[in-house]
Amino acid sequence: MADAMARNARLILNGKVAQEPEIREAVSAMREAGCDLQVRITWEEGDALRLVEEAAQEGVSRLIAGGGDGSVNEIVNGLMHLDEAHRPALGILPLGSANDFAHGVCLPMDPHQALHAALTVSSRAVDVAHLGADYFINMASGGFGAEITTSTPVSLKRLLGGGAYSLMGMLKLWHYQPYSGHLSWPEGEFEGPLFLLAIGNGIQAGGGQKLAPDAKLDDGLLNVLLVRHFSSLAEMRQLLTELERIPEDGEFVRTVRTSQLSFQGDSAFPLNLDGEPRQLKAFEVKLEPRALKLLVQSDCPLLSSNARQ
């Protein structure tokens, strides 16, 4: 059951979209409905972390991330650096080009509807992954997938939305180099050349690619997709066929469910954490179970109590 309209909420809005009329209208409508909704605007790197801390100190109960996946990631990192008892619940106003996490948890894309949901639905405790000092709530994609998302021009993302990633993938496909490394987790290991690595707490990345379709946000497990390097057109076709069904242990595609994962590479490995690029030769990913309160509908398909829709 949804709560009544929250009285004490704050929207941290990416400055790039702060003047959009539709957003201003949605905020005004929520205020007219009785919500004490305050708005803070980010201007430069570090603003989101500072504004999250400020909101917690002032006793804000609901903190809404207004922006794309990168904005959500910044605010998640700010929340996770607070003491758990003082973390406001996280809502999302999706305003990016891909909005992978928001799509994955079935949030409305309309600003008015999304803001209303963030101010009325109940919170659910969800897992958060961390890689070193960085946290992510949705997915870390590595190898070729990370190359695509970090190299796609912003103007192209805005023009084509999620389809921009597919276009850049076709342009880059025949020029990529595989990344060799050693992956290990409590139940097993893998060593060899990688085409793609996806570490999912959520289900999708790269503008709608469902790389971890069986992931749940509250089960204490990461859903890992390993895609081995291919060397011929026939092997590529086999790889694409396997990606359609994502087998547990195929010729090129393998899936793993685990609570932690380590990687040791021969060279810097490109990673994308919820829209934030990294280059790392070695890393370890772990989960903090049910560490964050997320404002989503109770029938969200990424909650373990609900069947996949």
**Message:** Could you work out, with ring-ring contact (aromatic ring centres under 6.0 Å, His included) as the rule, every residue matching Phe136, not counting sequence neighbours?
**Reply:** none

Which pairs would a plain distance check flag for residues 103-114, meaning a side-chain donor or acceptor within less than 3.5 Å of a matching protein atom at least two apart in sequence or in another chain?
unit_1: Asp110; atom_1: OD2; unit_2: His112; atom_2: N; d: 3.2
unit_1: Asp110; atom_1: OD2; unit_2: Gln113; atom_2: N; d: 2.9

**Item:** Contact list for residues 117-134, test salt bridge (Lys or Arg N to Asp or Glu O under 4.0 Å), sequence neighbours left out
**Value:** Asp134-Arg278

**Message:** When you compare the side chains of Asn77 and Asn73, does any donor N or O come within less than 3.5 Å of an acceptor on the partner?
**Reply:** yes

**Request:** Mind listing the closest non-hydrogen atom pair of Pro270 and Ala268 along with its distance?
**Result:** CD-O, 3.9 Å

**Prompt:** Tell me, do Leu13 and Thr42 make a side-chain contact under 4.5 Å, heavy atoms counted?
**Reply:** no

**Request:** Supply the atom-to-atom distance Ile41 CD1 to Leu51 CG, rounded to the nearest 0.5 angstrom.
**Result:** 9.0 Å

**Message:** Counting C-beta onward and ignoring hydrogens, is there a side-chain heavy-atom pair between Leu222 and Ser259 closer than 4.5 Å?
**Reply:** no

**Message:** With rounding to the nearest 0.5 angstrom, report the OG to CG distance, Ser123 to Leu295.
**Reply:** 6.0 Å

**Message:** On a heavy-atom basis, which atom in Gly202 and which in Ala215 lie closest, and how many Å separate them?
**Reply:** O-CB, 3.4 Å

**Prompt:** For His130, what residues pass the ring-ring contact (aromatic ring centres under 6.0 Å, His included) criterion, not counting sequence neighbours?
**Reply:** Tyr135

**Partner residues of Glu45 under the side-chain contact (heavy atoms from CB on, under 4.5 Å) criterion, sequence neighbours left out** = none

Could you pull out all donor-acceptor pairs under 3.5 Å where a side-chain atom in residues 18-31 meets a protein atom, sequence neighbours excluded?
unit_1: Ser28; atom_1: OG; unit_2: Arg24; atom_2: O; d: 3.0
unit_1: Arg31; atom_1: NE; unit_2: Leu37; atom_2: O; d: 2.9
unit_1: Arg31; atom_1: NH2; unit_2: Leu37; atom_2: O; d: 3.0

**Message:** If I compare all heavy atoms of Ala56 with all of Leu82, which pair ends up nearest, and what's the gap?
**Reply:** CB-CD1, 3.6 Å

**Prompt:** Is the backbone of Phe252 close enough, under 3.5 Å, to the side chain of Glu242 for a donor and an acceptor to pair up by distance?
**Reply:** yes

**Prompt:** To the nearest 0.5 Å, how far apart are CG in Leu243 and CD in Gln238?
**Reply:** 10.0 Å

**Request:** Please list all pairs passing the salt bridge (Lys or Arg N to Asp or Glu O under 4.0 Å) test where one or both residues lie in residues 201-211, with sequence neighbours left out.
**Result:** none

**Prompt:** Would you say Leu194 and Leu183 make side-chain contact, with heavy atoms under 4.5 Å?
**Reply:** yes

**Prompt:** Does His182 NE2 have over 12 foreign heavy atoms under 6.0 Å away?
**Reply:** yes

**Prompt:** Can you name the closest pair of heavy atoms from Asn14 and Gly67 and give their distance?
**Reply:** CB-CA, 4.3 Å

**Message:** So, taking the atom named CE in Met139 and the one named CG in Leu271, what distance separates them when rounded to the nearest 0.5 Å?
**Reply:** 12.5 Å

**Message:** Holding to side-chain contact (heavy atoms from CB on, under 4.5 Å), I want the full list of residues that pass it with Glu84, two or more places apart in sequence or in another chain.
**Reply:** Arg87

**Prompt:** Hey, are the side chains of Ile12 and Leu63 touching, using non-hydrogen atoms and a 4.5 Å cut-off?
**Reply:** yes

**Request:** Spell out, yes or no, whether Tyr179 and Trp185 are grouped together once hydrophobic residues are joined by side-chain heavy atoms under 4.5 Å, including indirect joins.
**Result:** yes

**Request:** Group every Ile, Leu, Val, Met, Phe, Trp and Tyr by side-chain heavy-atom contacts under 4.5 Å, then state whether Val39 and Leu49 land in the same group.
**Result:** no

**Prompt:** Any sub-3.5 Å donor-acceptor pair from Asp218's side-chain atoms to Ser304's backbone N or O?
**Reply:** yes

**Request:** Would you please test Val128 and Leu287 for side chain to side chain contact (heavy atoms under 4.5 Å, CB included) and show each step?
**Result:** CA-CA 6 Å; Val128 179; Leu287 270 184; 6.0 Å; no

**Request:** Would you indicate whether the side-chain heavy atoms of Lys281 and Gln264 approach each other to under 4.5 Å?
**Result:** yes

**Asked** Step by step, would you call Val76 with Leu292 a side chain to side chain contact (heavy atoms under 4.5 Å, CB included)?
**Response** CA-CA 9 Å; Val76 166; Leu292 194 62; 4.3 Å; yes

**Request:** List for me each residue that meets side-chain contact (heavy atoms from CB on, under 4.5 Å) alongside Pro193, sequence neighbours excluded, and say none if there are none.
**Result:** Pro178, Ser180, His229

**Request:** Give, for atom CG of Leu221 and atom CD of Gln260, the distance between the pair rounded to the nearest 0.5 Å.
**Result:** 11.5 Å

**Message:** Could you tell me if the side chain of Pro213 sits less than 4.5 Å from the side chain of Ile246, heavy atoms only?
**Reply:** yes

**Message:** Looking at Glu187, I want to see if its CD is surrounded by more than 12 non-hydrogen atoms of other residues, nucleotides or ligands under 6.0 Å.
**Reply:** yes

**Request:** For Val60, enumerate each residue passing the side-chain contact (heavy atoms from CB on, under 4.5 Å) test, keeping only those at least two apart in sequence or located in another chain.
**Result:** Asn8, Arg10, Ala55

**Asked** Are Phe283 and Phe269 close enough that some pair of their side-chain heavy atoms sits under 4.5 Å apart?
**Response** yes

**Message:** Do Gln204 and Asp100 pair up side chain to side chain, a donor and an acceptor below 3.5 Å, judged on atom types alone?
**Reply:** yes

**Prompt:** Residues in side chain to side chain donor-acceptor pair (under 3.5 Å) with Asn99, at least two apart?
**Reply:** none

**Message:** Apply side chain to side chain contact (heavy atoms under 4.5 Å, CB included) to residues Ile64 and Leu119 and explain how you reach the verdict.
**Reply:** CA-CA 9 Å; Ile64 304 166; Leu119 294 169; 3.8 Å; yes

**Request:** Could you tell me the separation between the CG atom of Leu225 and the CD1 atom of Ile199, rounded to the nearest 0.5 Å?
**Result:** 10.5 Å

**Message:** I want to check something: taking the side chain as every heavy atom from C-beta on, are Leu11 and Leu93 in contact at a cut-off of under 4.5 Å?
**Reply:** yes

**Positive for side-chain contact (heavy atoms from CB on, under 4.5 Å) with Phe101, one of Asp274, Ile203, Leu217** = Leu217

**Request:** Kindly give the heavy-atom pair with the smallest separation between Val52 and Gly78, and that separation in Å.
**Result:** CG1-C, 3.5 Å

**Request:** Check step by step if side chain to side chain contact (heavy atoms under 4.5 Å, CB included) holds for Arg40 and Glu54.
**Result:** CA-CA 10 Å; Arg40 299 290 185 270; Glu54 175 189 284; 3.2 Å; yes

**Complete:** Here the salt bridge (Lys or Arg N to Asp or Glu O under 4.0 Å) pairs for residues 250-267, sequence neighbours left out, are Asp219-Arg257

**Message:** Can you give me the closest heavy-atom contact between Leu95 and Gly66, atom names plus distance?
**Reply:** CD1-C, 3.9 Å

